[in-house]
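For reference, the structure is listed below as structure tokens.
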Amino acid sequence: MSHALKETISKQHATERRNLFAVAKLCTQVLCDESGTCGVVDENSDHLPNFCNIIEAILCHGYKYPNNKKQGGTPEGIVYWDFIRVACKSVPYNCIAKITAIDDAKTLRGKGRACIRMALMEKRLSEYLSLALMEDTVIRRFYERGSFMLSEEAHMLTNVLTALNCIDFSLCLRNSALDAPI
């Protein structure tokens, strides 16, 4: 690969990371504003799906495909649950066993989505992400160079996500929609 191509790809990744961070920050602020008016954020929130989708997009950005193959060239092959499970297993009182036991989330994607929602309800999403970022070897095993999780934006995001700790989330984890395609 030529130096010019590598430079172009690097710039593209940087732009994607900045955009993901900006949208995550905006979605976090919107959820905080919403919780101030209604007290609790639940499944009926108009903004919760956007927030969960951007967190999922962040966890998928630069994720290494199984066996380094893109399954059909789409993000369908991206299963960030494997990363979460490995990176967060040392987090005290983590929710990994609870998520694994959920029967309604049958796919690995569904388990990853359930984990994001449970972390929100536990007020620990920032903590999980922060501790996962400390697992450098694990992150490098699951993410390509230039990915969001290997960037400074990931560390900045943990600070932004602490604002969510003041929100009470009431979310359903027993929902077959968690397994739905992207």
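When a residue number appears, it is its place in the shown sequence, counting from 1.
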Chi angles and distances behind the side chain to side chain contact (heavy atoms under 4.5 Å, CB included) call for Leu59, Ile84: CA-CA 9 Å; Leu59 290 168; Ile84 292 171; 4.0 Å; yes
Side chain to side chain contact (heavy atoms under 4.5 Å, CB included) between Glu34 and Asp46, intermediate numbers included: CA-CA 9 Å; Glu34 180 179 345; Asp46 292 333; 5.7 Å; no
Steps toward side chain to side chain contact (heavy atoms under 4.5 Å, CB included) verdict (Phe51, Val41): CA-CA 12 Å; Phe51 176 80; Val41 174; over 6 Å; no
Evaluation steps, side chain to side chain contact (heavy atoms under 4.5 Å, CB included), between Arg85 and Lys89: CA-CA 6 Å; Arg85 193 174 38 79; Lys89 70 180 176 188; over 6 Å; no
Steps toward salt bridge (charged side-chain N to carboxylate O under 4.0 Å, His left out) verdict (Arg17, Glu153): CA-CA 7 Å; Arg17 289 191 312 266; Glu153 287 90 347; 3.4 Å; yes
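A donor-acceptor pair under 3.5 Å links the side-chain atoms of Ser126 to the main chain of Thr158, judged by distance alone. The closest donor-acceptor contact from the side chain of Thr100 to the backbone of Ile96 lies under 3.5 Å. At distances below 3.5 Å, not a single donor-acceptor pair connects side-chain atoms of Asp42 with backbone N or O atoms of Leu171. Judged by distance alone, with hydrogens and angles left aside, the side-chain atoms of Glu43 form a donor-acceptor pair with the main-chain N or O of Cys172 at under 3.5 Å. In terms of modelled atom types and a separation under 3.5 Å, the side chain of His61 and the main chain of Phe148 share a donor-acceptor contact. In this structure, the side chain of Asp168 does not engage the main chain of Val40 through any donor-acceptor pair within 3.5 Å. The closest donor-acceptor contact from the side chain of Lys123 to the backbone of Thr162 lies at 3.5 Å or more, if one exists at all.
The minimum heavy-atom distance linking Lys111 with Ile99 is given by the pair O-CG2, 3.3 Å. Looking at every heavy atom in both residues, Ile167 comes nearest to Ser35 through CG1-OG, 3.4 Å. Leu150 approaches Tyr143 most closely through the heavy-atom pair CD1-O, 3.7 Å. For Leu108 against Trp81, the heavy-atom pair with the smallest separation is O-CB, 3.2 Å. Between Ala163 and Thr28 the shortest heavy-atom distance is CB-CG2, 4.3 Å. Here the closest non-hydrogen pair linking Phe169 and Leu120 is CD1-O, 3.4 Å.
Between Leu173 and Met121, the closest side-chain pair of non-hydrogen atoms falls below 4.5 Å. Inter-residue side-chain proximity for Arg117 and Leu178 is flagged as met; some heavy-atom pair is nearer than 4.5 Å. Contact annotation: the side chain of Met149 approaches that of Leu129 to within less than 4.5 Å [non-hydrogen atoms, C-beta and beyond].
Between Arg113 and Glu56 there is a salt bridge, since a side-chain N of the basic residue sits under 4.0 Å from a carboxylate O of the acidic one.
Residues Leu131 and Leu125 do not share a hydrophobic cluster, clusters being chains of Ile/Leu/Val/Met/Phe/Trp/Tyr side chains in contact below 4.5 Å. Note: the hydrophobic cluster containing Val138 does not contain Val91 (ILVMFWY, side chain heavy atoms under 4.5 Å, direct or indirect links).
Interatomic distance, Lys64 NZ to Arg145 CZ, rounded to the nearest 0.5 Å: 10.5 Å.
The hydrophobic cluster around Tyr93 extends to none of the other residues, as no ILVMFWY side-chain heavy atom falls under 4.5 Å of it.
No close placement of the Tyr63 and Phe83 rings is indicated, their centers lying 6.0 Å or farther apart.
Cation-pi check for Arg124 over Tyr128 is met; the charged atom lies under 6.0 angstrom from the ring centroid and within 45 degrees of its normal.
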